[in-house]
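Letters A, B, ... are given to chains in the order of the sequence lines, protein chains preceding strands, and every chain is numbered from 1.
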Amino acid sequence: MASNCTSSTQSRGRKRKSQQTQSTSSKTKKPTQEISDLTSDQSQYTSVKHISKNVKKDNAERLDYSFFDVPCEDLAEALLGQTIVRICDGKRLSGKIVETEAYLGSIDKAAHSYKGKKTDKNTAMFMPPGTAYVYNIYGMYCCINISSKGDGAAVLIRALQPLDNLETMDEFRTKGKDGNSFLKKEGVGLCNGPSKLCQSLNIKKDSINKLDMCTSDQIWLEKNDTVCKDAIVKCKRINIGYAEDWVDKPLRFYILGNKYVSVRDKPAENEMSTK
DNA sequence: CCTCAGATGCACT
DNA sequence: GTGCATCTGAGGA
């Protein structure tokens with residue numbers, strides 16, 4: 001164990017130096033995207049600077065289209081360590097992404113877009129890279145994905161290490177129940193699952209599905225850690241038992257040793273320590 | 001640590 | 001009607 005790259009997390013409140021790589025590459029062309037069913041005018045927010053003060057992080061570099069416009073598996077890995085930000089009633093709710101899953105599109109039997117099937121529900125999977133795909137599941141829950149390069153390909157966000165305004169996130173999570181709080185456990189339990197993090201960040205299909213995360217003022221990503229390859233566990237995805245020969249493909253990624261991950265895969269971890 | 005059932009609503013055959 | 005890219009609490013090893 002003990003990967004010598006300490007990108008992962010548990011250092012108590014220690015500052016890490018964020019390398020300010022001035023992104024010179026934000027000029028990638030972006031296809032136009034239909035936003036006809038959005039009520040708010042998605043005006044042209046292109047950088048965090050335009051967001052109101054109380055939610056802006058100093059030195060935060062917003063991730064742009066060129067970050068998302070890569071193959072699905074690459075995006076799933078690149079997302080690890082980055083911060084997802086959700087603005088709710090003027091409050092900044094955020095977390096570091098620590099676990100993802102890639103859904104590759106028409107070839108992938110576990111993907112909602114398998115065989116290129118396009119429906120009202122999964123339209124966002126076919127929209128430009130950086131589009132949020134939110135769907136309802138099991139009646140009471142929802143999950144969020146981010147579309148990548150490749151038709152129908154998207155990355156499911158499975159777990160976050162909560163960062164800002166944990167009290168508010170805790171309220172969203174425990175609303176309607178009595179007394180439960182995850183604050184005493186350093187926020188473990190708040191966002192360690194795809195639907196838990198949607199509850200914590202108040203992400204719902206109605207408000208977030210099809211939003212362009214490159215330009216939205218409600219949800220976006222910021223550059224945070226770069227996680228070194230040695231600290232990324234690759235293993236099979238969760239709860240896709242119906243997907244036949246795709247069940248065992250190593251398309252789930254998480255940060256080794258991070259306690260905010262939803263489910264560990266010990267065999268996969270053992271495998272990497274003997275290499 | 002583990003497995004299990006129940007909650008709950010919508011998209012799709 | 002069926003089946004979910006889930007979560008929770010209860011009960012057992």
Using whole Å, what does the distance between atom [atom2] of nucleotide [N] and atom [atom1] of [X] come to?
X        : N      : atom1 : atom2 : answer
A:Phe182 : C:dC7  : CZ    : C1'   : 10 Å
A:Ile137 : B:dA11 : CD1   : C1'   : 11 Å
A:Lys266 : B:dC2  : NZ    : C1'   : 11 Å
A:Ile238 : C:dC7  : CD1   : C1'   : 14 Å
A:His112 : B:dC12 : NE2   : C1'   : 12 Å
A:Tyr141 : C:dA5  : OH    : P     : 15 Å
A:Arg264 : B:dC1  : CZ    : P     : 10 Å
A:Tyr114 : C:dG3  : OH    : P     : 18 Å

Of the listed nucleotides ([options]), which one gets closest to any side-chain atom of [X]?
X        : options              : answer
A:Lys121 : B:dA11, C:dC7, C:dA5 : B:dA11
A:Met140 : B:dA7, B:dA11, C:dC7 : B:dA7
A:Asn239 : C:dC7, B:dC12, C:dT6 : C:dT6
A:Asn136 : C:dT6, C:dT8, B:dC10 : B:dC10

Quiz item: Heavy atom of residues 70-82 of chain A under 4.0 Å from DNA chain C: which residues?
Solution: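 None - not one residue of the stretch has a heavy atom sitting under 4.0 Å from the strand.
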Practice problem: Nearest-nucleotide wise, let me know which of A:Asp120 and A:Gly139 is further upstream toward the 5' end of DNA chain B. | Solution: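 Looking at DNA chain B, the more 5' nearest nucleotide goes with A:Gly139.
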Practice problem: Could you tell me whether A:Asp245 atom CG has more than 12 heavy atoms of other residues or ligands within 6.0 Å of it? | Solution: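 Check passes, neighbour count above 12.
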Quiz item: Across the strands shown, which category fits A:Lys109 at heavy-atom distances under 4.0 angstrom: base, sugar-phosphate, nothing?
Solution: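 Here A:Lys109 touches no strand at all.
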Quiz item: If you look at every strand shown and take non-hydrogen atoms under 4.0 Å, does A:Arg237 touch a base, only sugar-phosphate, or nothing?
Solution: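 Nothing, no heavy atom under 4.0 Å.
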Quiz item: C:dG11 pairs with which nucleotide, Watson-Crick or G-U wobble, both distances below 3.5 Å?
Solution: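 B:dC2 is the nucleotide pairing with C:dG11.
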Self-check item: Positive for side-chain contact (heavy atoms from CB on, under 4.5 Å) with A:Cys198, one of A:Ile208, A:Ile157, A:Ile144
Solution: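 When A:Ile208, A:Ile157, A:Ile144 are each tested with A:Cys198, the side-chain contact (heavy atoms from CB on, under 4.5 Å) holds only for A:Ile144.
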Practice problem: Output yes if the stacking criterion (under 5.5 Å between centres, under 30° between planes) is met for A:Tyr103 over the base of C:dA5, else no. | Solution: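 So yes, this residue stacks on that base, both cut-offs being met.
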Look at [X] and [N] and indicate whether a side-chain polar atom (N or O) is within less than 4.0 Å of OP1 or OP2.
X        : N      : answer
A:Lys205 : B:dA11 : yes
A:Arg252 : C:dA5  : no
A:Tyr242 : C:dA5  : yes
A:Thr119 : B:dC12 : yes
A:Lys196 : C:dT8  : yes

Quiz item: Passes salt bridge (Lys or Arg N to Asp or Glu O under 4.0 Å), A:Arg158 versus A:Glu99? Steps please.
Solution: CA-CA 5 Å; A:Arg158 280 198 56 92; A:Glu99 180 181 348; 2.8 Å; yes
Practice problem: Please evaluate the base of B:dA11 for a donor-acceptor partner in the side chain of A:Tyr135 within a cut-off of under 3.5 Å? | Solution: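 Looking at the base of B:dA11, it does not pair with any donor or acceptor on the side chain of A:Tyr135 (distance under 3.5 Å).
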Quiz item: Does A:Arg173 use its side chain to pair, donor to acceptor, with the backbone of A:Leu190 at less than 3.5 Å?
Solution: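 It does hold such a pair.
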Exercise. Would you confirm whether the ring centroid of A:Tyr103 sits within less than 6.0 angstrom of the ring centroid of A:His112?
Key: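 Ring centroids of A:His112 and A:Tyr103 are no less than 6.0 Å from each other.
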Quiz item: Would you say the ring centroid of A:Phe67 lies under 6.0 angstrom from that of A:Tyr65?
Solution: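 Ring centroids of A:Phe67 and A:Tyr65 are no less than 6.0 Å from each other.
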Quiz item: Where is the tightest heavy-atom contact between A:Tyr135 and A:Leu156, given as atom of each residue plus distance?
Solution: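 Closest approach of A:Tyr135 to A:Leu156: OH-CD1, 4.5 Å.
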Quiz item: Under the salt bridge (Lys or Arg N to Asp or Glu O under 4.0 Å) criterion, do A:Lys109 and A:Glu244 qualify, and how do the steps go?
Solution: CA-CA 7 Å; A:Lys109 289 182 183 165; A:Glu244 302 172 6; 3.1 Å; yes
